[in-house]
Amino acid sequence: RVLGETAADGVTGDDADGGVVEGKGKRKPREAGMGRMFGLARPEAATLGGGLLAMLVSTASTMALPSYVGQMFGVIAQQSEGQHGALREATLTLAVIFAVGGLCAGIRGYLFTVAGERIVARLRIALFERLVVQDIAFFDANQTGELMNRLASDTAMLQNAVTVNMSMGLRFGAQVLIGLCLIFFTSWRLSLVMLAIVPLVVAVAVRYGKFMKRKSRAYQKALSEASVVAQEVFSSIRTVRSFAMESRERDLYSRAVADSYALGRDKACAYGGFGALIQISGQSAVLVVLWYGGTLVLGGRMLLSELTTFLLLTITITASLAALSDFFGSIMNALGASIRVFKLLDGRPSIRTSGGTALPSIDGLIELRAVSFAYPARADVRVLREVDMTITPGSVVALCGPSGAGKSTVVGMIQRWYDPTSGSIHVDGTPLSQLDPSWWRRQMALVAQEPVLFACSILDNVAYGVAGADAADAATRAAVEQACATANAIDFVRAFPDGLDTGVGERGVQLSGGQKQRIAIARALLVEPKVLLLDEATSALDAESERLVQQAIDRLMLERTTLVIAHRLSTVVGADSICVFSGGTIAERGTHAELVKLGGIYYSLVQRQLTAAGPAA
Ligand code: ATP
């Protein structure tokens, strides 16, 4: 990794000193705040340190201007021919100071910006790393548009805050501090008079900061609500188009944008008001300096050159303060966004994607022991009730039953997308909760009801599940071709001008439903899984293709434990055992012949299918 040991370095709340406070035996993430936000910059300490050094030199050169100009005015004010040498010397010195200052300003700009880029890249990767391992239940509850928005927009706000803004903040802060020291050194009396306005500015600044932080958080939230609408519309554009709902969606989106606009307007109001206060305060300070300083000069208690220096310093200080007010606003904005980012970073999945036992070999015995389950998103509805089921190694178990009975839920439980609410699942006698989930998932292949492909080539899609497969490698290509042939996909793949290299579009939109299914079957074939999970995998095929794919699946199922969800009679007839689900329990189980003889739910399902198929046949 170019960005460090792990992308989460200094980012997540659980690094050694980056954010976790040790509670009594329990680790609690550190609260999101200014300290934690600036903690993101810790891995870039060296770069930022270099930038800081360059900034100090360039600031010093800026701060040297008033005193040198003051001196030069002193020399000029003497209006004497003998002062030419002194004037030349002061000019040359100032030229050198400016050259060094300019160079350092460039170095400062580069170092702070590049550090910012690294910080935000690291933050985005860490956030992505955290999100991608979250529980499936997390994705049931959080919408894609919202998560995308946090990855893109919230992190971008932090990028500016902890780097460019911080560099500006430090630069102008240093200018203010040095300026203050210098004016006190020049005339403490005039300084005290000038600074009388400070308490008011500070009091307003505190309120302004709190306001900006609160509004910014709400603003980012409103923005992500708008992103949710946009993401949903774009990913379902065919449905939107076929119902001619473009104008309704536009209204929904404009309402969401109007919310963020209203918050943005409030922020703009506060920003403008605070900016005006800072400018008026600064100009008042200049006026006070001219008036009171002028009085001191007229009274002979101050030199004109001192007043000139003082005035220029005051202008530098007030200009820096104005810049600082911008910095302050954006820091508070970023703080609002950071709360949302840290909340995601602190999220811990209850089912880790890795860690646990990896069995040295696997027979493929799967047992569900009194498994009950309710989806976290709907915790009060029990979807599975005390389900007992044994799938012996190498056997084919078919799940059927009415829609919504819980068949796909069983597949999800076996994949360990969710843990049972009660009861347990065992693989070769070992509880699933003790197995390494990554290892276990690699033993399986799932061909889902609606196969989802990635927006890459057919070759990449088929090779997706094979760890370390190199699509450029001839052996991989040959294996993919073979898998496509077995899955009866090779004819249509070859018919595309680019063959295996044909792109399939987002989620496979450029393929037909049946083509997608066959690619998904080829993908499963290539993994050579021990356990095969088929969720009505042949539903979108025509009769001839279904026959060929069924053959392929039959070959694939040999010596593998297979769980197949099927509504179609043809798929279930040959299964070793059929479990008929109804209302979250297994109402009937047995072979096709046994269940037909029983004359129960299965029998009526079979009857209905035969009646439906009758007239067409
Ligand atoms: P079908 O044959 O129509 O695919 P199924 O038997 O596979 O149906 P499941 O998908 O297991 O049914 O769904 C069982 C129940 O769980 C349904 O009532 C469904 O509404 C609910 N359900 C499914 N997925 C979720 C989810 N992610 N969050 C909350 N409830 C869910």
Side-chain angles (χ1 to χ4, degrees), residues 131-147 228 232 235-236 347 349-351 366 368 370-389 391 396-423 425 432 437 441 444 446-452 513 516-517 520 531-541 546 562-573 575 577-589 595 600-602 604-606 608-609 612:
L131 288 176
V132 85
V133 299
Q134 282 299 332
D135 291 334
I136 296 290
F138 171 89
F139 293 97
D140 288 346
N142 290 283
Q143 286 175 283
T144 316
E146 149 107 43
L147 300 176
V228 165
E232 207 165 32
S235 61
S236 326
S350 58
I351 304 172
I366 301 172
L368 273 71
V371 168
S372 294
F373 178 67
Y375 281 97
R378 229 177 274 147
D380 48 341
V381 180
R382 274 219 292 171
V383 175
L384 297 181
R385 298 157 195 270
E386 309 266 321
V387 172
D388 283 304
M389 192 162 91
I391 312 170
V396 177
V397 172
L399 307 184
C400 46
S403 178
K407 304 177 297 290
S408 302
T409 305
V410 169
V411 170
M413 305 293 297
I414 291 176
Q415 285 255 338
R416 209 178 164 211
W417 289 345
Y418 306 89
D419 276 338
T421 321
S422 66
I425 300 174
L432 200 53
R441 288 173 191 140
M444 286 181 285
L446 167 71
V447 182
Q449 210 165 17
E450 293 163 28
V452 173
K516 270 194 278 187
Q517 276 195 335
V531 177
L532 197 60
L533 304 170
L534 304 170
D535 192 347
E536 192 67 277
T538 58
S539 64
L541 302 183
E546 183 181 345
T562 306
L563 187 71
V564 52
I565 299 178
H567 295 288
R568 286 165 177 240
L569 204 52
S570 53
T571 324
V572 281
V573 170
S577 167
I578 301 164
C579 296
V580 183
F581 273 78
S582 175
T585 54
I586 300 178
E588 295 168 9
R589 72 178 91 204
L595 292 178
I601 306 173
Y602 183 78
S604 47
L605 280 174
V606 170
R608 240 174 284 145
Q609 281 209 10

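We count ligands from 1, going down the list as the structure has it; atoms in each ligand are counted the same way. Throughout, numbering of the chain's residues begins at 1 and tracks the sequence.
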- Please name all residues satisfying salt bridge (charged side-chain N to carboxylate O under 4.0 Å, His left out) with R416, sequence neighbours left out, ordered by chain then number. D419

- Message: One pair to check against side chain to side chain contact (heavy atoms under 4.5 Å, CB included): I391 and M389. What are the steps and the verdict?
- Response: CA-CA 7 Å; I391 312 170; M389 192 162 91; 4.0 Å; yes

- Query: Is there any N or O on V383 that sits under 3.5 Å from an N or O of ligand 1?
  - Reply: no

- Mark yes or no for whether K407, through its side chain, and F581, through its backbone, hold a donor-acceptor pair below 3.5 Å. no

- A student checking ligand 1 against G406 at a 4.0 Å heavy-atom cut-off should list atoms 5 (P), 6 (O), 11 (O), 12 (O), 14 (C)

- Message: Going by ring-ring contact (aromatic ring centres under 6.0 Å, His included), name the residues that satisfy it together with F138, two or more places apart in sequence or in a different chain.
- Response: none

- Evaluating non-hydrogen atoms only, which member of T409, V381, L384, I136 is closest to atom 13 (O) of ligand 1? T409

- Within the distance-only criterion (no hydrogens, no angle test), does the side chain of D135 pair as donor or acceptor with the backbone N or O of I351 below 3.5 angstrom? yes

- Does ligand 1 have a heavy atom under 4.0 Å from the side chain of Y418, from its backbone, from both, or from neither? side chain

- Task: Could you see which bit of R378 sits under 4.0 Å from ligand 1, with heavy atoms only: side chain, backbone, both or neither?
- Result: side chain

- Message: Within the 4.0 Å heavy-atom shell around D140, which atoms of ligand 1 are there?
- Response: 27 (N)

- Task: Could you check which of G412, S582, G404, A377 puts a non-hydrogen atom nearest to atom 8 (O) of ligand 1?
- Result: G404

- Message: Taking 4.0 angstrom as the limit and counting only heavy atoms of S408, give me the atoms of ligand 1 inside it, by number and element.
- Response: 4 (O), 5 (P), 7 (O), 10 (O), 11 (O)

- Message: Measuring only between side-chain heavy atoms, which start at C-beta, is D388 closer than 4.5 Å to I586?
- Response: no

